[in-house]
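Read the structure below first, then the notes.
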Amino acid sequence: MTLGGAGCVGDDGSTTGGGSASGTGTGTGTASTATDRNEGPEPPTADSRLYLDYDIGTLEENVVSGGVPKDGIPAIDDPTFADRAPDLLAPDDPVFGVTRDGEAKAYPQYILVHHEIVNDTIAADPVAVTYCPLTGTAQGFERGAVEFGVSGRLVNSNLTMYDRGTDSWWPQMLATAIKGPLTGESLREFRVTWTTWKRWSSAYPETTVLTEDTGFSRRYGVDPYGQYNEKRGYYSSTRTLFEPLQGDSRAHPKAIVIGTRTETGALAFDKETLLRQRVLTGHIDDTPYVAVADTDLATGYVYANPESATVEVSDDGYTLDGTTHDADSLPLDRSLAFDAMWFAWAGFYPRSSYVD
Amino acid sequence: MSTDSSTGEAGLAARIEGLLGNTAVAVRGALTRPDGRMTLGLTGLAYFLSYLVGLRHLGLGRSGFSLSVVSDPLTRALRQVGPFQWEPIALVVVGPVELLVAPLNMLLGAILATLVGLNLAVSVVAWRGPSACRLGPGAGTVAGLPGLLSGFACCGPTILLVVGVQASAGILSLFQWLLPITLVALLGTLLWIGSRVEAA
């Protein structure tokens, strides 16, 4: 699948390529440095802007205070990792897993709920691993020489990050700046897998895991919103803390979808249905997409399938054109996808198809 | 005209002075009695602990005995993380109890707890004492109400999850003002109770 004229989607589903969506930058695949727009460095941006269902002015108008000041929720800027799980991390607790150039890392949800952003370096690449508790989204971004912080603002309940180079505001799910010098540009993303510690550590025994040595004093066993290992509180309630940009009754507000968006549209698959049926299909505009389940990690991958090739479940993966493949390596263009609460996805992308 | 004005100002000043004096007498009087001191101690401590629990700085957690302190605690202690909330600088674990130490929040909690305790101590003594006159048992409740307000303030927007109200810009702005409103209200009720007590 091609994202825009010069952009592409890597094997891991990440958006790559340098440059600036708005045409005001001249990136070449590395982090932009200081420009005449701002003294600070810029995070690297994608060649093309991701699809938005609203104009940027409308999104900016809907920014609300989350009740905390800028950096009131402190990002982890100097993360430490261990080979063993922290005592508080139970096998079925959620973690956000990242692999990059053979390096595997796990970020426990119970730590990130207190920080939301980890400015990390994986396989020598500066990245930000981010988590929004209110929308149930874990996403990864290339950050170049810039760190991201928590602005204290929300859009559609979603974490609005700011970059410490230009102070542009980036709603996490949109991955597109809606305020500041980089308005209209989209970040380069990479795959973050929402799974459990047991599944992740089984799939990647050599993984390291973020520790509680974050530089901050927190009661890490206490989640202010509820709990996941036996879902409770906000994570299962029909109530939202902030009014969504748009309500949508097609699913339970907190149902988990695996959503993908390109430069032309958005599409969501019900995660529970996908894990049960293992293959689902949908469309963005006229382009067919196929989602397949990874039963080991209890996650899903989404591929553009413009030729409508038949993907069938087999004993050890998925069969396409007579060849069997793992869920994460079908010979199709993978589109970056991530878990999200339905109300948040539908609020940002009300025109998105919902496949269940 | 100017004479009338200065007479009025002098009268107001005298009334305020009288009110403060009467309240001071009432507070001193309440604290000379065991039931007054007991009320101040118990309600003050209960409020202080509730305040810390409301902030989620105090509660049950992992078991053990440990103390961890952040680097550069003095700078951290002054870092504001929310309306009237500051960065914790240490985590103390004693048995199953966890305590986050945020010095400025502890100071604020102690001030609020003292005001709540004084309100209730004066109310209790005035109600039970022989010179208690126009105070009914409801005065203590009235005195405690501002304390509840600050309880909402310290919990932030997550309290809205409990009460089932969706956050809005207005409600979030209100949260920022709850604590100063609480302080003023606690002082106000203390003065009100003091004004209604006839010093023996």
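Residue numbers start from 1 in every chain, and the chains themselves are labelled A, B, ... in the order their sequence lines are given, proteins ahead of strands.
Pairs of residues two or more places apart, or lying in two chains, never qualify as ring pair (Phe, Tyr, Trp, His ring centres under 6.0 Å) while including a residue from residues 83-125 of chain B.
Separating the CZ atom in A:R218 from the CG atom in B:L100 is a distance of 7.5 Å, to the nearest 0.5 Å. One finds the CZ atom of A:R219 at 7.0 Å from the CG atom of B:L58 (value rounded to the nearest 0.5 Å).
In terms of heavy atoms, B:V81 sits closest to A:P69 at O-CD, 3.4 Å. Nearest approach of A:G221 to B:R62, heavy atoms of both residues: N-NH2, 4.3 Å.
Each of B:G59, B:S71, B:A102, B:S68 has some count of heavy-atom pairs under 4.5 Å with chain A, and the biggest count is that of B:G59.
Both the backbone and the side chain of A:D71 have a heavy atom closer than 4.5 Å to some heavy atom of chain B. Proximity to chain A (any heavy atom under 4.5 Å) is restricted, for B:I89, to the backbone atoms N, CA, C and O.
No more than 12 heavy atoms of other residues, nucleotides or ligands lie within 6.0 Å of CG in A:D87, so this atom counts as exposed by the packing criterion. When the shell of 6.0 Å around CD of B:Q80 is examined, it contains more than 12 heavy atoms from other residues, nucleotides or ligands.
Side chains of B:R76 and A:S217 form no contact here, defined as non-hydrogen atoms less than 4.5 Å apart.
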